[in-house]
Engineer: 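Here it is, the structure, as C-alpha cells.
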2 protein chains.
Amino acid sequence: MSSNALSGEIADRPARVSGIDKIERRRIALAESALKTLGELGYARTSLREIANNSEFTHGVVHYYFRDKIDLISYCVRYYKTKCAKRYDEVVETAATADELGAGFLAKMTQTLVEETPMHRLWYDLRAQSMFEEQLRPDVVAIDQLLEAMIWRILSRYAELVGGEPAVDAPTAYALVDGLFEQAVVGYAADPEGVTDRLVARVSQVLPKLITT
Amino acid sequence: MSSNALSGEIADRPARVSGIDKIERRRIALAESALKTLGELGYARTSLREIANNSEFTHGVVHYYFRDKIDLISYCVRYYKTKCAKRYDEVVETAATADELGAGFLAKMTQTLVEETPMHRLWYDLRAQSMFEEQLRPDVVAIDQLLEAMIWRILSRYAELVGGEPAVDAPTAYALVDGLFEQAVVGYAADPEGVTDRLVARVSQVLPKLITT
DNA sequence: GACTTTGTTTGACACTTGTCAAGAAATCTC
DNA sequence: GAGATTTCTTGACAAGTGTCAAACAAAGTC
C-alpha cells in the first residue's frame, strides 16, 4: 500500500525533500529507459519486464515506482511531452526573414525525424492506441494541443514575416503538417531513402498556400 | 501441413473448384468477424480466441484456415482494402460540377467516418503497427497507395471541373487530406460531438487551395 | 455401406504477461 | 552501532497468449 501511495500523483506528505527528489529522479531514469524500449518495440509489444531488462533495474523496481503499466506509460508520455514541443522555438525567435524561418523549420524537422525516429513512431502509435485505451486519452490530447500550438506559432510568425495572414486556423494547419510528417515517419520506417528530401519538398510546397498575402 | 499449403497464396492444385470456394467463403466469414473484433479492440488487444468467441466458430477453426495470427490479420486487411477504396468512385463519376463533387465527397467522407468508425480506427492502428511489425508493411503500403490514388482521382477531377490544375502531387494531397481525416477519427473516438462539422469545414477550406486556376 | 477426405472440437503445451508479497540489502536516524 | 525506514531482489501467482495435435463429426467417393 505504501507503493500505491507513492506512485500516483504526489499526494503524500513526504518525510524529506531530498527523498521525493530521489524518487522523482528514479522515476525519470525509469521513464527514459522505458521510452527507449517503447520507441523500439511499440506500445503493444513492450512489457514491463522488457523495460526492466533494458535498464539497470529489475522488474520489481518498476512496480515499486509505478502503480501499474498505464501509470508508467502515462508518466513516460508526460515526460516526453516536455521535451518535444519546444523544438522549434529557437528557430521561431531567431529567424529574421520568412525564408530563414522556413529553412530553419525544415532543417529541424528533418533532423528530429532522423535522430528521434523511435520517439515519433511511438507517438503515432500511442495516439492510435488512445482510440482504444481510454486512459491514454488525456495525455494524448494534451500533447496534441501542445504540438498544435507549436505549429501555430511557426505559421503565424511566418505569415508575419511575409506580411500576410494565416489562411487556415490552428487545428487545420496542425492536421495538414502532421499529415505530411506522419507520412514521412511511416515511410521512414519502411525505407529511409529519400524520405527527408520528399518531406522538405512537400512541406515547402504547402506552407505558402496556408498564407494569404 | 495441409493447412499450411492452403493458407498461403493459393499455390496448390485444388481437388475441386467448389472446395476452394467454400474455403474462401469460410475465410471471408472469419475475416469479417475478425474485423469486427479488431475494430472494437484494436490490433494489440485482439487475440485469436477473442475473435473466435465473437464468431460462430471455435478457436481451432481459426488456426485451420489461417497459418497464424499475422496471416489472419493480413488477410483481413487485404479483404478490407477491396471495400474501402471505391467509396468515392460513384461521386467522382456522377458529379457534374465542382461544387457537386465537393459536396458529394464531403458527404461520403463524414458518412464513412460515422458509420465505419471502428474500421478507420483499425486502419490507423494497423498503419502505426506496421512501423514495428515488418510483416504488416506490404499490406499497409498497398492500401496507402490505393487511398492515395483515390484522393488523386477526386482532386484531379475537381481541378478539371473547376478548370484548373492540381497544385500539389498525389502523395502530398493524400497526406494533407489524410491528416485532416485522421484528426477527425481520433477526435471522434474521444468525443464525437461536432467532429464531422469541423471536418467538413476544414476540408472545404483546404481543397480549393490545392488547385491552381 | 465401407473408406477417404475434409472440417471441427477440444484440450493441452509452452510461454509471456501484469501484479504482488516476502524477505534481503541499503540507507537513514538517533 | 542499534533500530527503523526505504529501496530493491527474487520468486511466485493467476490469467491469457499463440500454437498445435489427437479425437471426433461430416461430407464426399467408389
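Not measured: the values here are computed from a predicted model.
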Engineer: Using atom CD1 of A/Ile51 as one end and atom P of C/dT16 as the other, report the distance to the nearest whole Å.
Structural biologist: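 Going from A/Ile51 (CD1) to C/dT16 (P), I get 17 Å.
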Engineer: Using atom OH of A/Tyr43 as one end and atom C1' of C/dT17 as the other, report the distance to the nearest whole Å.
Structural biologist: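 The answer, rounded to whole Å, is 13 Å.
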Engineer: Does any pair with a residue in residues 188-202 of chain A pass side chain to side chain donor-acceptor pair (under 3.5 Å), and if so which ones, sequence neighbours excluded?
Structural biologist: A/Gln183-A/Arg202
Engineer: Report the distance from atom CG of A/Leu30 to atom P of D/dT7, rounded to the nearest whole Å.
Structural biologist: 13 Å
Engineer: Kindly write out the residues that satisfy salt bridge (Lys or Arg N to Asp or Glu O under 4.0 Å) with B/Arg137, not counting sequence neighbours, or none if the list is empty.
Structural biologist: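 Once residues adjacent in sequence are excluded, B/Arg137 has no partner under the salt bridge (Lys or Arg N to Asp or Glu O under 4.0 Å) criterion.
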Engineer: Tell me which pairs pass salt bridge (Lys or Arg N to Asp or Glu O under 4.0 Å) where either residue lies in residues 173-184 of chain B, with sequence neighbours left out.
Structural biologist: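 Sorted pair list: A/Arg127-B/Glu182, B/Arg127-B/Asp178, B/Arg127-B/Glu182.
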Engineer: Using the test salt bridge (Lys or Arg N to Asp or Glu O under 4.0 Å), find all partners of A/Arg87 that sit at least two apart in sequence or belong to another chain.
Structural biologist: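 In terms of salt bridge (Lys or Arg N to Asp or Glu O under 4.0 Å), with neighbours along the sequence ignored, A/Arg87 is linked to A/Glu116.
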Engineer: Using a cut-off of strictly less than 4.0 Å, decide whether B/Ser47 has a side-chain nitrogen or oxygen near OP1 or OP2 of D/dG16.
Structural biologist: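 No, B/Ser47 has no side-chain N/O under 4.0 Å of OP1/OP2 on D/dG16.
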Engineer: Quick check on C/dG18: is either OP1 or OP2 less than 4.0 Å from any side-chain nitrogen or oxygen of A/Arg67?
Structural biologist: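 Result: no.
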Engineer: Just how far, in rounded Å, is P of D/dG18 from NE2 of B/His63?
Structural biologist: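 To the nearest whole Å, that distance equals 10 Å.
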Engineer: Between P on C/dA26 and CD1 on A/Ile23, what's the gap in Å once rounded to a whole number?
Structural biologist: 19 Å
Engineer: Roughly how bent is the helix from C/dG7-D/dC24 to C/dC30-D/dG1 end to end, in steps of 10 degrees, with each end axis from five pairs?
Structural biologist: 10°
Engineer: So, taking the atom named OG1 in A/Thr46 and the one named CG in A/Leu122, what distance separates them when rounded to the nearest 0.5 Å?
Structural biologist: 8.0 Å
Engineer: Is there a side-chain polar atom (N or O) of B/Tyr64 under 4.0 Å from OP1 or OP2 of C/dT8?
Structural biologist: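 Checking C/dT8 against B/Tyr64, no side-chain N or O comes under 4.0 Å of OP1 or OP2.
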Engineer: Of the listed nucleotides (C/dG7, C/dT8, D/dT19), which one gets closest to any side-chain atom of B/Lys22?
Structural biologist: C/dG7
Engineer: When the distance from CZ of B/Arg26 to P of C/dG7 is rounded to whole Å, what number comes out?
Structural biologist: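 It works out to 9 Å between those atoms.
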Engineer: Just jot down the ring pair (Phe, Tyr, Trp, His ring centres under 6.0 Å) partners of B/Tyr75, sequence neighbours excluded, or say none.
Structural biologist: B/Phe66
Engineer: Under 4.5 Å between any side-chain heavy atoms of A/Glu148 and A/Pro171, yes or no?
Structural biologist: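 Yes, close enough: below the 4.5 Å cut-off.
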Engineer: At under 4.0 Å between heavy atoms, how does the protein contact nucleotides 10-15 of chain C? Give one character per nucleotide, 5' to 3', with B, S or -.
Structural biologist: BBB---
Engineer: Quick one: which residue pairs count as a side chain to side chain donor-acceptor pair (under 3.5 Å) with a foot in residues 50-60 of chain B, not counting sequence neighbours?
Structural biologist: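 Listed by first then second residue: B/Thr37-B/Asn54.
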Engineer: Roughly how many Å is it from CG in A/Asp71 to P in C/dC20, rounded to a whole number?
Structural biologist: 12 Å
Engineer: What pairs with A/Arg45 under salt bridge (Lys or Arg N to Asp or Glu O under 4.0 Å), at least two apart in sequence or on another chain?
Structural biologist: B/Glu133
Engineer: Between A/Tyr65 and D/dT7, is there a side-chain N or O to OP1/OP2 distance below 4.0 Å?
Structural biologist: no
Engineer: Can you tell me how far P of D/dT17 sits from CZ of A/Arg45, to the nearest Å?
Structural biologist: 16 Å
